[in-house]
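Handing you a structure now.
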2 protein chains.
Amino acid sequence: MTEDDEQMVLLRFVERFALVLREAGMPPMPARVLAFALADDADRYTAGDLARGLDVSPAAISGAVRMLVSLRLLSREREPGTRSDLYVLDDRDLWSRFMATELETLQRFEEAAASGVEVLGAHRPGGRRLAETRDFLAFLRAEMAAALARWPAERDRRAAARED
Amino acid sequence: MTEDDEQMVLLRFVERFALVLREAGMPPMPARVLAFALADDADRYTAGDLARGLDVSPAAISGAVRMLVSLRLLSREREPGTRSDLYVLDDRDLWSRFMATELETLQRFEEAAASGVEVLGAHRPGGRRLAETRDFLAFLRAEMAAALARWPAERDRRAAARED
DNA sequence: CACACTTTTCACGAGTTCGTGAAGTGTGTT
DNA sequence: AACACACTTCACGAACTCGTGAAAAGTGTG
């Protein structure tokens with residue numbers, strides 16, 4: 001397999017994975033950058049690396065990494081004496097952080113439902129449905145947070161099991 | 001508070017709640033219809049009810065309810081001898097069903113990650129990251145499914161507690 | 001201090017999505 | 001059988017999103 005073939009395989013995967021991220025609400029370019037940083041073998045990238053690797057304009061990278069950094073899915077580092085930032089995908093708990101943003105979404109749902117109960121009144125059918133919604137969301141959010149907290153131990157347990 | 005004022009309060013809430021649904025990936029009109037059906041006091045609606053209630057064209061309702069029905073968030077009923085379908089929001093486990101679609105998204109992530117491990121190779125850094133991703137997603141999906149299964153009992157427990 | 005290099009900002013064009021009005025379809029009524 | 005009513009489909013216009021190229025800004029080097 002030539003180097004170009006490998007790159008092709010990688011990019012095809014990137015598009016496939018990015019598509020799922022997009023369906024989950026992430027804009028196309030951040031999705032591609034995240035998928036690429038995850039699947040490519042390097043563990044730190046300059047903006048130029050990402051642009052060349054994905055074969056897109058540097059301008060597109062700029063916006064994408066800004067979003068990913070703000071979501072804490074990528075972190076920016078700077079080696080002293082160099083003129084470009086390095087973007088690092090901290091894979092140790094990348095997905096916990098990804099899910100943490102989902103939890104925030106869940107919380108916004110919950111707050112919206114709660115405010116609905118307030119303005120519409122809990123005694124009416126609509127308000128009662130909203131109250132149930134709010135309770136369910138609160139329950140689910142707590143459960144998810146607990147599950148996320150359990151993951152590191154679970155991961156180590158699995159890794160230890162594989163050692164045997 | 002006049003009837004119009006109440007309607008205004010309701011519609012304001014609908015837009016607020018729909019916004020969160022949209023941020024979670026639902027198109028605007030289905031989001032509004034779902035929010036309206038949830039917060040308004042009726043428990044079944046004709047397409048016309050929804051169009052008038054939301055003050056949008058019947059055409060917009062048509063597409064929105066089709067999507068919501070296909071997502072099983074709304075169900076279609078037909079009273080014999082009437083010429084319009086009735087849309088029912090089955091609030092008993094509306095949110096479990098909503099979350100079930102989220103679980104499918106999670107599964108697509110998982111499958112995409114797994115296929116990446118296959119084509120890229122588990123021994124390389126990128127492949128290893130994807131394998132961890134796959135494992136995390138599998139863990140989380142199992143945890144969420146378990147939490148969803150616990151909800152009905154939990155809800156009843158809470159309802160019983162309120163009775164005291 | 002000017003230059004070389006990288007990244008960012010900006011404005012534009014292509015493509016997509018959304019909701020409407022108008023026409024069409026289906027169903028029950030007279 | 002013709003009509004009345006409700007809903008659906010379709011094509012359009014408006015608004016938005018996305019990624020690009022060009023210009024600007026920032027940063028280390030000679």
Side-chain angles (χ1 to χ4, degrees), chain A residues 11 14-37 42 44-71 74-89, chain B residues 11 14-37 42 44-71 74-89:
Chain A
L11 286 186
V14 164
E15 286 302 334
R16 190 142 28 103
F17 198 81
L19 195 63
V20 186
L21 285 163
R22 290 171 60 184
E23 286 170 5
M26 187 176 288
M29 197 56 78
R32 280 196 273 268
V33 170
L34 180 60
F36 180 81
R44 47 210 337 105
Y45 305 86
T46 65
D49 293 337
L50 296 170
R52 279 185 302 276
L54 286 166
D55 195 27
V56 298
S57 75
I61 298 298
S62 180
V65 295
R66 187 172 50 235
M67 166 174 260
L68 290 172
V69 166
S70 84
L71 291 175
L74 228 48
S75 67
R76 218 189 292 264
E77 293 187 356
R78 191 59 168 269
E79 211 66 30
T82 64
R83 77 189 74 180
S84 49
D85 286 332
L86 289 173
Y87 295 97
V88 179
L89 181 143
Chain B
L11 287 185
V14 164
E15 286 302 333
R16 191 142 28 102
F17 199 80
L19 196 63
V20 187
L21 285 164
R22 290 171 60 183
E23 286 170 5
M26 186 176 288
M29 198 56 79
R32 280 195 273 266
V33 170
L34 180 60
F36 179 81
R44 47 209 339 105
Y45 304 87
T46 65
D49 292 337
L50 296 170
R52 279 185 301 277
L54 286 166
D55 195 26
V56 298
S57 74
I61 298 298
S62 179
V65 294
R66 188 172 50 233
M67 166 174 258
L68 290 172
V69 167
S70 84
L71 290 175
L74 227 49
S75 67
R76 217 188 293 264
E77 294 186 356
R78 190 61 167 268
E79 212 66 32
T82 64
R83 77 190 76 180
S84 48
D85 287 332
L86 289 173
Y87 295 97
V88 180
L89 182 142

task: Using the test side-chain hydrogen bond (donor to acceptor under 3.5 Å, both in side chains), find all partners of R44(B) that sit at least two apart in sequence or belong to another chain.
output: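 R44(B): side-chain hydrogen bond (donor to acceptor under 3.5 Å, both in side chains) contacts with E77(B).
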
query: Could D55(B) and R52(B) be called an ion pair, given the rule that one side-chain N must be under 4.0 Å from one carboxylate O?
result: no

field: Partner set under ring pair (Phe, Tyr, Trp, His ring centres under 6.0 Å) for F17(B), not counting sequence neighbours
entry: F109(A), F13(B)

- prompt: What is the nucleic acid contact for R76(A), judged by heavy atoms within less than 4.0 Å: base, sugar-phosphate only, or nothing?
  reply: sugar-phosphate

message: Quick one, M26(A) with L68(A), criterion side-chain contact (heavy atoms from CB on, under 4.5 Å). Give me CA distance, side-chain angles, the key distance, then yes/no.
response: CA-CA 10 Å; M26(A) 187 176 288; L68(A) 290 172; 4.3 Å; yes

message: Taking the axis from the first five pairs and the axis from the last five, what angle separates them in the helix from dC1(C)-dG30(D) to dT30(C)-dA1(D), rounded to 10 degrees?
response: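 It works out to 10° between the end axes.
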
- prompt: Should L74(A) and Y45(A) be marked as a side-chain contact (heavy atoms from CB on, under 4.5 Å) after you check the CA-CA gap, both sets of side-chain angles, and the distance that decides it?
  reply: CA-CA 10 Å; L74(A) 228 48; Y45(A) 305 86; over 6 Å; no

message: Could you work out, with salt bridge (Lys or Arg N to Asp or Glu O under 4.0 Å) as the rule, every residue matching D85(A), not counting sequence neighbours?
response: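 For D85(A) the salt bridge (Lys or Arg N to Asp or Glu O under 4.0 Å) partners, ignoring immediate neighbours, are R76(A), R78(A).
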
- prompt: In whole angstrom, what separates Y45(B)'s OH from dA6(D)'s P?
  reply: 19 Å

field: Members of residues 49-71 of chain B that approach DNA chain D, where some heavy atom sits under 4.0 Å away
entry: P58(B), A59(B), S62(B), R66(B)

- line: R16(A) meets the salt bridge (Lys or Arg N to Asp or Glu O under 4.0 Å) criterion, sequence neighbours left out, with none

- line: B/S/- along nucleotides 25-30 of chain D (protein heavy atoms under 4.0 Å) is --SSS-

All N/O contacts under 3.5 Å from nucleotides 11-18 of chain C to the protein, with atom names and distances to one decimal?
none

- prompt: Under the side-chain contact (heavy atoms from CB on, under 4.5 Å) criterion, do L34(B) and L89(B) qualify, and how do the steps go?
  reply: CA-CA 8 Å; L34(B) 180 60; L89(B) 182 142; 3.8 Å; yes

query: Can you list the residues that meet the salt bridge (Lys or Arg N to Asp or Glu O under 4.0 Å) rule with R66(A), with sequence neighbours excluded?
result: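 Testing R66(A) for salt bridge (Lys or Arg N to Asp or Glu O under 4.0 Å), a comparison that skips the adjacent residues, returns none.
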
- request: In sequence, state the C-alpha distance, the side-chain angles, and the governing distance for V69(B) and Y87(B), and then conclude on side-chain contact (heavy atoms from CB on, under 4.5 Å).
  value: CA-CA 9 Å; V69(B) 167; Y87(B) 295 97; 4.1 Å; yes

Salt bridge (charged side-chain N to carboxylate O under 4.0 Å, His left out): pairs with one or both residues in residues 17-26 of chain B, sequence neighbours excluded: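 Residue pairs with at least one partner in residues 17-26 of chain B: R108(A)-E23(B).
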
- prompt: Atom CZ in F36(A), atom CD1 in I61(A): separation rounded to 0.5 Å?
  reply: 8.5 Å

query: Who are the side-chain contact (heavy atoms from CB on, under 4.5 Å) partners of A59(B), not counting sequence neighbours?
result: S57(B)

